[in-house]
K.L.:
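Structure in structure tokens, see below.
To find a chain, count down the sequence lines: A is the first, B the second, and so on, and within it residues start at 1.
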Amino acid sequence: MRLTQFFLPTLKDDPVDAVVDSHKLMLRSGMIKQITSGVYSSLPFGLMVFRKVENIIRDEMNAAGGNEFYLSALSPTELWAETGRLEDYGDLMFRIKNRDLVLCPTHEEVFTSIAKSNLISYKDFPKIWYQIQSKFRNEERPRAGVLRARQFTMKDAYSLDATWEGLDIAYERMAQAYRNIFTRCGLEFVVVSAFSGAMGGSASQEFMAPSSVGEDNIVISEDGKYSSNLEVAVSFKEKVQRKNTDLKYEEFHTPNIKTIDELAEFVKTKDKTRLAKSRVFVNVKPEGNEFMLVLVCGDDEVNESKLQGFFGINIRPAHNEELMEITGADAGSIGPIGLDKKIKIIADLLLEDADELISGANKNDYHLKNIDLKRDVPGIEYKDLRTVKEGEQTSDKSSKLKITKAIEVGHIFKLGTKYSEALGAKFLDAEGKENPIIFGSYGIGIERTTASFIEQSHDDKGIIWKGEIAPFKVIIISLNQSNEEIKNISEGFYKEFLNRKIDVLFDDRADVRPGVKFNDADLIGIPVQLIIGEKNLKEGNVEIKIRKTGERMIVRKGEAIEY
RNA sequence: CGGAGCGUAGCGUAGCCCGGUAUCGCGCCAGUUUUGGGAACUGGAGGCCGCAGGUUCGAAUCCUGCCGUUCCGACCA
């Protein structure tokens, strides 16, 4: 490609609206252009990279036996009402105003409806169906460029099986395909176990690109054997030991004590584990809201995903007015004693049967001490509800946990029969009995994968492409197109690269100073720069610069091709 | 959805408090000189100052409403 024929609107300065590096660089290198909040157009340079990523995915999906589809982005609202997701998604789904249609945020329903009418015998399975398509989600707050956008490209794949064993096989095959894909994309990634309750599936894993701008937190053990999304991570920690002093609980005055830290100071203790933290959650149900009080150690945080895993996704923290109504106190003075029996009380496993605890008295500015959960809180249940912390031991005590931020680039999970049952997608088994098709669901964000790569591979000059997703392998920089010799040599190299089918970009711009060309080349990050200028040409040489290392080699002009 | 900020030429901005017809840099066009790390000079083009209403002789500037956008938080199959 000749640069004079290529639309590459590079920017010298950082756009004021971009904050994260990948966003800045994608705008500056002319890959994307924002049209409105969370919506971006792909420009030629960006599209080249997205296509490279897509083709790697296509390659691996096909190798795994996938069939490529291209489904409609529009679908009837009714289809989503049937599976209940119209309500589940709510405002996150774009709805067409002048026709009863929605823009699909994902395609389980549409694929299922195709399967329903065509896969009717156990002999029709297994199948892997996929597509690479625009998805639409009305994100409340798009951010970080294409990392969270309202329209984005996703590869979504679905395994369709007649048996649960078949699902396991498909899932493993897709997991391997995903590892291949992200490896070929040159991405540093970690596979973590993930929260799946929200989508109604069982096993679930996420492919995470570690990055400081990631919105997810992942937990990895130092020996690398354990990795998990923080939402579901577990660790080993000693339980709070019983003291068996059997002291009666008693109220004491704690003026203006709102937080655990203030309470610890007030009672002059450094050990916050016995200062039980109480939080009230609401399980929103059509037949009426249920309230629950959740207790964790004072130095722990409640893991809301784990709560959702136990009680469903419609769990939310109670509002301040609700707290007062239910407990008679504001946040900071709430505790497990003396509540209405309708309120379920659950505590973290670390507090199982613990005694001599201090917690709120359900009366503002008062706490209770010497609470014995075993004695004083009949009907209490214990579950793993805490968020693990950096430095804790793995549950087998063999290693320690580290927490890092990461970007979710892929997600695979065993979906099961939720949608096939809702839409009546059934097949006849060998005994002639009807069964719902068993689904797996597997997604990859194309732009997000690309942006994650850039987050991991750039410097203060620009992007550093490598491997299969590099849009060009080499850029020829002709330093002076008005010098006939330089021009002719450059043209010669360009033709030679084309002949050898090597992706090459030729900066053949005249009237552009060398400094501009060097900076543009560094910005757009082509791995190898072939620099042709007067200085070296006098000696019959040209220069090769490796973008990543900045390493320069002066070579005979005839030998340059073997870079 | 809560909090904060911003909207002036393609991009980045000054002016706004204190009202008088818009500043500077980059980029762009023409010409001359230049050509190894974002050139110099000369001349030029380009603006419903986000939108609507109000106050005023007069509004980019003051007031009201709206819209857009960014960030933090909340939320996120």
K.L.:
Closest approach to the side chain of A:Arg552, judged atom by atom: which nucleotide of B:U13, B:G38, B:G37 is it?
P.N.:
B:G37
K.L.:
Distance check, C1' atoms only: B:C57 and B:G12, in whole angstrom units.
P.N.:
36 Å
K.L.:
Centroid separation under 6.0 Å, is that true for the rings of A:Tyr158 and A:Trp129?
P.N.:
no
K.L.:
Any donor-acceptor pair under 3.5 Å linking the side chain of A:Arg279 with the backbone of A:Val302?
P.N.:
no
K.L.:
Strictly by Watson-Crick or wobble contacts shorter than 3.5 Å, is anything paired with B:C51, and which nucleotide is it?
P.N.:
B:G65
K.L.:
Between the base of B:G37 and the side chain of A:Asn519, is there any donor-acceptor pair under 3.5 Å?
P.N.:
yes
K.L.:
Take atom P in B:G36 and the same atom in B:C71, then report the distance between them in whole Å.
P.N.:
41 Å
K.L.:
Give the nucleotide from the list B:A74, B:G37, B:G36 with an atom nearest to the side chain of A:Asp522.
P.N.:
B:G37
K.L.:
Main chain of A:Pro527, side chain of A:Lys466: is a donor-acceptor contact present, judged purely on distance under 3.5 Å?
P.N.:
no
K.L.:
Can you tell me how far C1' of B:C75 sits from CE of A:Met93, to the nearest Å?
P.N.:
17 Å
K.L.:
With a cut-off of less than 4.0 Å, is there a side-chain N or O of A:Arg513 near OP1 or OP2 of B:G38?
P.N.:
no
K.L.:
Do the two ring centres, one from A:His23 and one from A:Tyr40, sit under 6.0 Å apart?
P.N.:
yes
K.L.:
Name the residue closer to the 5' end of RNA chain B, choosing between A:Arg28 and A:Gly38 according to the nucleotide with the nearest heavy atom.
P.N.:
A:Arg28
K.L.:
Taking only the C1' atom of each, what is the distance from B:A59 to B:A52 in whole angstrom?
P.N.:
15 Å
K.L.:
Does a side-chain N or O from A:Gln34 land closer than 4.0 Å to OP1 or OP2 of B:U70, or not?
P.N.:
yes
K.L.:
To the nearest Å, give me how far apart CG (A:Leu537) and C1' (B:G36) are.
P.N.:
13 Å
K.L.:
Verify the contact: side-chain N or O of A:Ser37 to OP1 or OP2 of B:G68, cut-off strictly under 4.0 Å; return yes or no.
P.N.:
no
K.L.:
For A:Ala144, which contact category applies under a 4.0 Å heavy-atom criterion: base, sugar-phosphate, or nothing?
P.N.:
sugar-phosphate
K.L.:
Please check the phosphate of B:C71 (OP1 and OP2 only) for any side-chain N or O of A:Arg141 closer than 4.0 Å.
P.N.:
yes
K.L.:
State which of B:G12, B:G38, B:G36 makes the closest approach to the side chain of A:Asp520.
P.N.:
B:G38
K.L.:
What does A:Asp14 touch in the nucleic acid at a heavy-atom separation under 4.0 angstrom: a base, only the sugar-phosphate, or nothing?
P.N.:
nothing
K.L.:
Using the P atom as the point on both nucleotides, what is the distance between B:G46 and B:U23, in whole Å?
P.N.:
14 Å
K.L.:
Roughly, in whole Å, what's the span from CG in A:Leu27 to P in B:G10?
P.N.:
17 Å
K.L.:
Do A:Arg509 and A:Asp507 sit within salt-bridge range, that is, some charged N less than 4.0 Å from a carboxylate O?
P.N.:
yes
K.L.:
Decide yes or no on salt bridge (Lys or Arg N to Asp or Glu O under 4.0 Å) for A:Arg150 and A:Glu139, but give the supporting numbers first.
P.N.:
CA-CA 6 Å; A:Arg150 292 200 169 118; A:Glu139 295 287 350; over 6 Å; no
K.L.:
Can you tell me which nucleotide in B:U69, B:C72, B:G36 comes closest to the side chain of A:Thr36?
P.N.:
B:U69
K.L.:
How would you label the contact of A:Lys33 with the nucleic acid (heavy atoms, under 4.0 Å): base, sugar-phosphate, or nothing?
P.N.:
nothing
K.L.:
When the C1' atoms of B:U21 and B:C29 are compared, how many Å lie between them, rounded to an integer?
P.N.:
27 Å
K.L.:
Given atom NE2 of A:His411 and atom C1' of B:C76, what is their separation to the nearest angstrom?
P.N.:
13 Å
K.L.:
For B:G46, what is the paired nucleotide under Watson-Crick or G-U wobble rules, both distances under 3.5 Å?
P.N.:
none
K.L.:
In this structure, how many angstroms lie between the P atom of B:C75 and the CG atom of A:Asn138, rounded?
P.N.:
18 Å
K.L.:
Describe, in one word, how the ring planes of A:Phe111 and A:Phe69 are oriented to each other, choosing from parallel (under 30°), tilted (30 to 60°) and perpendicular (over 60°).
P.N.:
perpendicular
K.L.:
Starting at atom CG of A:Asp511, determine the distance to atom P of B:U32, rounded to an integer number of angstrom.
P.N.:
11 Å
K.L.:
Taking the same atom, C1', in B:C11 and in B:C16, what whole-Å distance lies between them?
P.N.:
22 Å
K.L.:
Any strand is fair game: report the nucleotide pairing with B:A60 by Watson-Crick or G-U wobble, both distances under 3.5 Å, or none.
P.N.:
none
K.L.:
When rounded to the nearest Å, what value does the distance between C1' atoms of B:A40 and B:U35 take?
P.N.:
13 Å
K.L.:
Name the closest nucleotide to the A:Asp17 side chain, picking from B:U13, B:U70, B:G36.
P.N.:
B:U70
K.L.:
Heavy-atom nearest nucleotide on RNA chain B for A:Pro142 versus A:Ile531: which residue maps closer to 5'?
P.N.:
A:Ile531
K.L.:
Take the protein atom CG of A:Leu92 and the nucleotide atom P of B:C1, then report the distance between them rounded to whole Å.
P.N.:
14 Å
K.L.:
Write down the partner of B:A14 under the Watson-Crick or G-U wobble criteria, each distance required to be under 3.5 Å.
P.N.:
none
K.L.:
Need one value for A:Val19: base, sugar-phosphate or nothing, where a base atom within 4.0 Å counts as base even if backbone is also close, heavy atoms only.
P.N.:
sugar-phosphate
K.L.:
Please give the nucleotide sitting opposite B:A74 as a Watson-Crick or G-U wobble pair, both distances under 3.5 Å, or none.
P.N.:
none
K.L.:
Could one point to a donor on the side chain of A:Asn536 or the base of B:G36 with an acceptor on the other under 3.5 Å away?
P.N.:
yes
K.L.:
Considering only the P atoms, how many Å lie between B:C51 and B:C67, rounded to the nearest integer?
P.N.:
15 Å
K.L.:
For a quick check, tell me whether the side chain of A:Glu534 and the base of B:G36 share a donor-acceptor pair closer than 3.5 Å.
P.N.:
no
K.L.:
Please tell me which of the listed nucleotides, B:A74, B:G36, B:U13, lies nearest to the side chain of A:Arg143?
P.N.:
B:A74
K.L.:
Applying a 4.0 Å non-hydrogen cut-off, can you work out what A:Lys135 is touching in the nucleic acid: base, sugar-phosphate, or nothing?
P.N.:
nothing
K.L.:
For A:Pro105, which contact category applies under a 4.0 Å heavy-atom criterion: base, sugar-phosphate, or nothing?
P.N.:
base
K.L.:
Does the cation-pi check pass for A:Lys414 over A:Tyr171, that is, NZ or CZ under 6.0 Å from the six-membered ring centre and within 45° of its axis?
P.N.:
yes
K.L.:
Using whole Å, what does the distance between atom C1' of nucleotide B:C26 and atom CG of A:Asp13 come to?
P.N.:
7 Å
K.L.:
Using both distances under 3.5 Å as the test, list the Watson-Crick or G-U wobble partner of B:G31, or none.
P.N.:
B:C41
K.L.:
Indicate, with yes or no, if the rings of A:Trp465 and A:Phe472 have centres closer together than 6.0 Å.
P.N.:
no
